[in-house]
Protein chains: 4
Amino acid sequence: MCSRTKPHRSRTGRPRSTEADTAILEATRAALVELGWSKLTMGDVAGRAGVAKTTLYRRWANKNELVVDAVAVLFDELELPDLGSLQADIEHVVLQFAALLERPETKTALMAVVAESTRDEPLRERIRASIVDRQKRLVLAGRERAQQRGELPHHFDPVAVDATDDLIFDVVAGAVVHRALVSAEPVDAPWATRLSALLMGGLGAAATAGG
Amino acid sequence: MCSRTKPHRSRTGRPRSTEADTAILEATRAALVELGWSKLTMGDVAGRAGVAKTTLYRRWANKNELVVDAVAVLFDELELPDLGSLQADIEHVVLQFAALLERPETKTALMAVVAESTRDEPLRERIRASIVDRQKRLVLAGRERAQQRGELPHHFDPVAVDATDDLIFDVVAGAVVHRALVSAEPVDAPWATRLSALLMGGLGAAATAGG
Amino acid sequence: MCSRTKPHRSRTGRPRSTEADTAILEATRAALVELGWSKLTMGDVAGRAGVAKTTLYRRWANKNELVVDAVAVLFDELELPDLGSLQADIEHVVLQFAALLERPETKTALMAVVAESTRDEPLRERIRASIVDRQKRLVLAGRERAQQRGELPHHFDPVAVDATDDLIFDVVAGAVVHRALVSAEPVDAPWATRLSALLMGGLGAAATAGG
Amino acid sequence: MCSRTKPHRSRTGRPRSTEADTAILEATRAALVELGWSKLTMGDVAGRAGVAKTTLYRRWANKNELVVDAVAVLFDELELPDLGSLQADIEHVVLQFAALLERPETKTALMAVVAESTRDEPLRERIRASIVDRQKRLVLAGRERAQQRGELPHHFDPVAVDATDDLIFDVVAGAVVHRALVSAEPVDAPWATRLSALLMGGLGAAATAGG
DNA sequence: AATTAAACGAGACGGTACGTCGAGTCTTGAT
DNA sequence: ATCAAGACTCGACGTACCGTCTCGTTTAATT
């Protein structure tokens, strides 16, 4: 994924500083931690990064796109180790995602850019590509692994499979976000267990009925 | 619920105009529809309401508090008619909530104020009192009705009951919000059916195991 | 001189508080001393006087008229004791006027209201009636006394006499104001002596030539 | 003379627009003519100059400093042609100064900034440097020329000479301003003749007595 | 080594909204 | 009718940030 506004494959002229890139993204995260999304300013980020404002705008069209890219990289840490059972995998991913949401830079930024994206189609697309897809692949991987283990039946209707993947994704991610940010309650191991148990029951019932 | 910042039990002086109150809240909703949360300005709202900017600031400390109050009243429409079964009740409330989220004034505002609330404790409290509690009572009502119908067992451990209420609330509300705003997919009847079926299965399995 | 906006000879209703009148004027002078003309506010004056803003506006049309009236009364102290010679009389009045101008309430207010009066005919009239005429009568008195002493000839052309009175008035008042406020130099006894000597010389030459 | 607040010896960054400088000063004078000092607003001036408000504030700290600079340039027109006699020179400068004071931009602005300067030392210094000194040099030039002509004696006490220069300056400038703005009477040729005759008489008497 | 062209820092620019403040008016209930 | 209190409209304030635009100055790849 290229963080720049344009690919810029020009062969001549001074090349862009890659140190500037990383310094800006780090400065953005630091500013998010200290100030939160709404108090973060481009001038402040530039100052922290030791860079001119122009250098920011040469790379990102506006504050929201910068913030998305600054936060997106954090989602790379999400992974799905094989813990032996679907329920264990779900619990693990729930706690991982919750830990990410507890970090001040994501807590303040994620909802804000999503809110902005309701009126900004390019931003929504960037969020989807940078963040949402990174999470969604965990659902796919977990489901496939569960099928291989025999915990879930091998469906032959790909549409139904996709629909269930989507549903599980919205339920898991939505529930964690809602618990963490709206209800403002801790997403801890007991809660993760209760959530995954609920899902396991629901999936089991569906498998029994529809399988 | 008092929309004002202070209780204002002053006996002397000119009383505050209640027409101004309602005109401002209506203007705020109109501005949300037209402009969205981030483009909405206090000056514009004042203009639409035919009111001076100072009159806004006399009542609300900032844009977020105003928006919360303007949107909160919409959540009064949420209700829980008895449709005969828990699954039907869940489906109905999901679609109702989704319809609310589809309205442009809530779609653009809700995530934004939640995002702001991560750095603003009074705002979080205001959201909880004005919006979240309004939704949560539906969960309680639905669960109690299901118990009366015999669809759910009468638990004698109130802590466990509360925990399950909270879980269901976060799952339902979170899933709907995530589907609508993050995945940007429609929350339609088939999806609502799939979600409620998942929950029924999960609750049934829990009842079988724990009852 | 009536300080009120309207004569108000109505016989019915609650009569206006005369204590309020004096309290307001005193508060205005106090505010002028502390804040100066441009920082003085009607609300502040009302607060100092223990009076509602309405009460101010019932008596004066605006800030400038209030300030003129508050300052005008100070000009009542100007008087012209007979010191035996025209030059001594002039010196005395110069120093008296300078002392008045040194007071912070007049220093900051006088030029300000004159400046405002260049675009406000009623204000100019009020200043003329309240302040300028109070000063001008000193010139007339001094000139008449000098004529009685024989220091100045008895002219029979009233137009020429008026013109000279006006000239002397503008020269004396203008020079003192300019020295005090523009040049920001002290108007002390030596300077007063030099000014009066200049005038005596000029009047004497005119008398010799024109007499 | 530099009209800016700071010397700005910065070598880097975009240089300030000199067109903006002149456009702002012109717009200020135009606004003074139309609105007068008290109705003049920074936003209006910015609009007239086709410039953002911030551009004004980058150069001038407040309205008064801006107005002083805008008006100061008009005082460059004052000059002292040799008319052959001291009295003629005085009459000429009086009428010149009066003509300047009659212009609406100076009439409304001059007293106002002087009034403000009684509470604002930097403003007073700015007025002195920009306006007062421009006028005062005319007095020096006129006195020196009169000495060369033999109309005034060559004094060897520089302190006395300075004191007389100052006195004459305060008398002439003060009388003109007072006549024009306080008495609100025309400063025409007859009045200028009477004033200069008075001064000639006074100076002559002093020369006779002190020489 | 000289040329070239883009990237760079600095900071001024036009614009828009902010939240505050003061002027002067109006609306209460009480005196 | 006046008073104190305080809400009202209006409009300006001075600040902050946005995103853009010059400037003069690097800096690497290409000649």
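Per chain, numbering begins at 1; letters A, B, ... match sequence-line order.
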- prompt: Do any N or O atoms from the side chain of A:Thr118 and from the backbone of A:Ala115 form a donor-acceptor pair under 3.5 angstrom?
  reply: yes
query: Between B:Arg126 and B:Asp69, does a salt bridge (charged side-chain N to carboxylate O under 4.0 Å, His left out) hold up when you go through it step by step?
result: CA-CA 9 Å; B:Arg126 198 186 197 94; B:Asp69 277 11; 3.0 Å; yes
message: Suppose we call a contact any N or O donor and acceptor under 3.5 Å apart; does that hold for the side chain of A:Thr12 and the base of F:dA28?
response: no
query: Is A:Thr54 side chain donor-acceptor paired with the E:dA10 base, going by distance under 3.5 Å alone?
result: yes
message: Applying a 4.0 Å non-hydrogen cut-off, can you work out what A:Lys53 is touching in the nucleic acid: base, sugar-phosphate, or nothing?
response: base
query: How is B:Leu56 classified with respect to the nucleic acid when contacts are heavy atoms under 4.0 Å: base, sugar-phosphate, or nothing?
result: nothing
task: Check whether any side-chain N or O of A:Arg14 sits under 4.0 Å from OP1 or OP2 of F:dA29, and answer yes or no.
output: no
- prompt: Counting only side-chain N and O atoms of A:Thr55, is one of them less than 4.0 Å from OP1 or OP2 of E:dA7?
  reply: no
task: Look at all strands and tell whether C:Asn62 reaches a base, only sugar-phosphate, or nothing, counting heavy atoms closer than 4.0 Å.
output: sugar-phosphate
message: Applying a 4.0 Å non-hydrogen cut-off, can you work out what B:Gly50 is touching in the nucleic acid: base, sugar-phosphate, or nothing?
response: sugar-phosphate
field: F:dA1 OP1/OP2 closer than 4.0 Å to side-chain N/O of C:Arg16
entry: no
Among E:dT20, E:dG9, E:dA17, the nucleotide that comes nearest once only the side chain of B:Thr41 is considered: E:dA17
Donor-acceptor under 3.5 Å (A:Thr55 side chain, A:Val51 main chain): no
Short side-chain N/O contact to E:dC13 OP1/OP2 from D:Arg58, under 4.0 Å: yes
message: It should be established whether C:Arg59 places a side-chain nitrogen or oxygen under 4.0 Å from OP1 or OP2 of nucleotide F:dC3.
response: yes
- prompt: Is a side-chain donor or acceptor of A:Asp21 paired with a backbone partner of A:Ile24 at a separation under 3.5 angstrom?
  reply: no
